[in-house]
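As structure tokens, the structure follows; a few thoughts come after it.
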Amino acid sequence: MRMLLLPPIVFFASALSMLALDRIAPLIRVESPWTWLGMAPLVVGLAMANWHARLFRRVGTNIDTFGEPDRLVQDGLFLYTRNPMYLGFVISLAGLAFILGSISPWALVVGFILAAHCWYVPVEERAMAAQFGADYEKYRRRTPRWF
């Protein structure tokens, strides 16, 4: 069950649910060639999340949200946000919602933001504070949360 709650699984489930919701209950539809502008954030967000997942693998640290952290990574976009992978997922979901061109998929974007902000990030921050103490507190003070 824990595997199903990992952020990448929830991200993909959200994206699939957005597609279904757009087909079943699109609410307000915006028919426009401009909806394809959502491709940029979709691709950028996926690249951002993937870049930082690869960074974790390269430095040999645990990427499991519910696992014990073993390294305080401060490279890449971690210099500017404590959560570049979540930020990438949200940017991607927003791009997909824009591409779909209806209002209803945005509910899942908001849902993912709430899950990250209220559940995933607090779990990770407590674990980081317990594992790295003053080093994490110093990093936390100088780097915004962004979810």
Side-chain angles (χ1 to χ4, degrees), residues 1-28 35 37-147:
M1 180 65 173
R2 181 177 140 188
M3 179 71 160
L4 294 175
L5 298 176
L6 291 175
I9 303 297
V10 173
F11 165 77
F12 285 115
S14 296
L16 290 174
S17 298
M18 289 169 70
L19 294 168
L21 192 57
D22 180 64
R23 298 299 172 237
I24 295 166
L27 294 181
I28 300 168
T35 58
L37 291 175
M39 285 300 290
L42 176 67
V43 171
V44 166
L46 287 173
M48 183 186 305
N50 185 45
W51 169 25
H52 291 87
R54 286 184 295 123
L55 174 62
F56 271 35
R57 281 191 285 281
R58 189 172 67 245
V59 300
T61 192
N62 177 26
I63 195 168
D64 183 352
T65 299
F66 306 109
E68 202 162 307
D70 47 15
R71 182 152 182 205
L72 180 59
V73 177
Q74 300 179 53
D75 301 327
L77 294 179
F78 283 102
L79 290 168
Y80 308 103
T81 173
R82 295 194 305 266
N83 302 292
M85 286 182 256
Y86 294 124
L87 184 57
F89 286 151
V90 169
I91 291 169
S92 290
L93 290 174
L96 178 58
F98 196 74
I99 289 167
L100 292 172
S102 71
I103 300 298
S104 52
W106 287 95
L108 287 144
V109 177
V110 171
F112 190 89
I113 290 170
L114 289 173
H117 180 75
C118 298
W119 187 38
Y120 291 129
V121 172
V123 165
E124 291 178 2
E125 288 191 339
R126 281 191 299 273
M128 297 290 282
Q131 183 73 13
F132 302 111
D135 288 338
Y136 179 71
E137 182 58 30
K138 181 179 170 187
Y139 170 71
R140 190 188 68 72
R141 278 196 308 266
R142 70 173 167 76
T143 311
R145 183 172 173 189
W146 293 62
F147 294 107

- Task: Report the C-alpha distance between Glu137 and Arg140 in whole Å, list the side-chain angles of each, state the deciding distance to 0.1 Å, and finish with yes or no for side-chain contact (heavy atoms from CB on, under 4.5 Å).
- Result: CA-CA 5 Å; Glu137 182 58 30; Arg140 190 188 68 72; 2.6 Å; yes
- Query: Does some side-chain heavy atom of Leu96 sit less than 4.5 Å from a side-chain heavy atom of Leu19?
  - Reply: yes
- Task: Start with the C-alpha distance between Phe66 and Val123, add both sets of side-chain angles, then the distance that settles side-chain contact (heavy atoms from CB on, under 4.5 Å), and finish with yes or no.
- Result: CA-CA 7 Å; Phe66 306 109; Val123 165; 4.2 Å; yes
- Message: Tell me whether Ser102 contacts the main-chain N or O of Ile28 through its side chain, where contact means a donor paired with an acceptor under 3.5 Å.
- Response: no
- Task: Would you check if the side chain of Asp70 reaches a backbone N or O of Asn62 as a donor-acceptor pair within less than 3.5 Å?
- Result: yes
- How are the rings of Phe78 and Phe56 set to each other: parallel, tilted or perpendicular (split at 30° and 60°)? parallel
- Measure across Trp106 and Ala94 and return the closest heavy-atom pair with its distance rounded to 0.1 Å. CH2-O, 3.6 Å
- Where is the tightest heavy-atom contact between Leu100 and Asp22, given as atom of each residue plus distance? O-OD1, 3.6 Å
- Can you measure from CG (Leu72) to CE (Met128) and round to the nearest 0.5 angstrom? 4.5 Å
- Message: Please report the interatomic distance CG(Leu108) to CG(Leu114), rounded to the nearest 0.5 Å.
- Response: 11.0 Å
- Message: Could you go through Leu46 and Asn50, starting from their C-alpha distance and side-chain angles, then the distance that decides it, and tell me whether this counts as side-chain contact (heavy atoms from CB on, under 4.5 Å)?
- Response: CA-CA 6 Å; Leu46 287 173; Asn50 185 45; over 6 Å; no
- Task: Would you please indicate if the ring centroids of Tyr86 and Phe11 are separated by under 6.0 Å?
- Result: no
- Task: Work out which heavy atom in Asn83 is nearest to a heavy atom in Val121; give both atom names and the distance.
- Result: OD1-CG2, 3.7 Å
- Item | Non-hydrogen atoms of Arg71 and Val59 that approach each other most closely | NH1-CB, 3.1 Å
- Message: Between the side chains of Arg82 and Glu124, is the shortest nitrogen-to-carboxylate-oxygen separation below 4.0 Å, so that they form an ion pair?
- Response: no
- Note on the structure: Closest non-hydrogen atoms of Ile91 and Pro41, given as atom of the first, atom of the second and distance, are CG2-O, 3.2 Å
- Message: Run Leu55 and Val73 through side-chain contact (heavy atoms from CB on, under 4.5 Å) and show every step you take.
- Response: CA-CA 9 Å; Leu55 174 62; Val73 177; 3.7 Å; yes
- With rounding to the nearest 0.5 Å, note down the distance linking CG in Leu93 to CG in Leu42. 8.5 Å
- Tightest non-hydrogen contact, residues Pro122 and Ala116, listed as CD-O, 3.9 Å
- Query: For the atom pair CE (Met39) and CD1 (Ile99), what is the distance rounded to the nearest 0.5 Å?
  - Reply: 5.0 Å
- Contact check, side chains of Trp51 and Pro84, non-hydrogen atoms, under 4.5 Å: no
- Backbone N or O of Phe98 within a donor-acceptor pair of the Thr35 side chain at under 3.5 Å? no
- Hey, does the side chain of Arg54 reach the backbone of Ala49 with a donor-acceptor pair shorter than 3.5 angstrom? no
- Query: Between CZ of Phe112 and OG of Ser17, what distance do you get to the nearest 0.5 Å?
  - Reply: 12.5 Å
- Query: Are side-chain N/O atoms of Gln74 and Arg142 paired as donor and acceptor at under 3.5 Å?
  - Reply: yes
- Inter-residue atom distance Leu77.CG - His52.NE2, 0.5 Å rounding: 4.0 Å
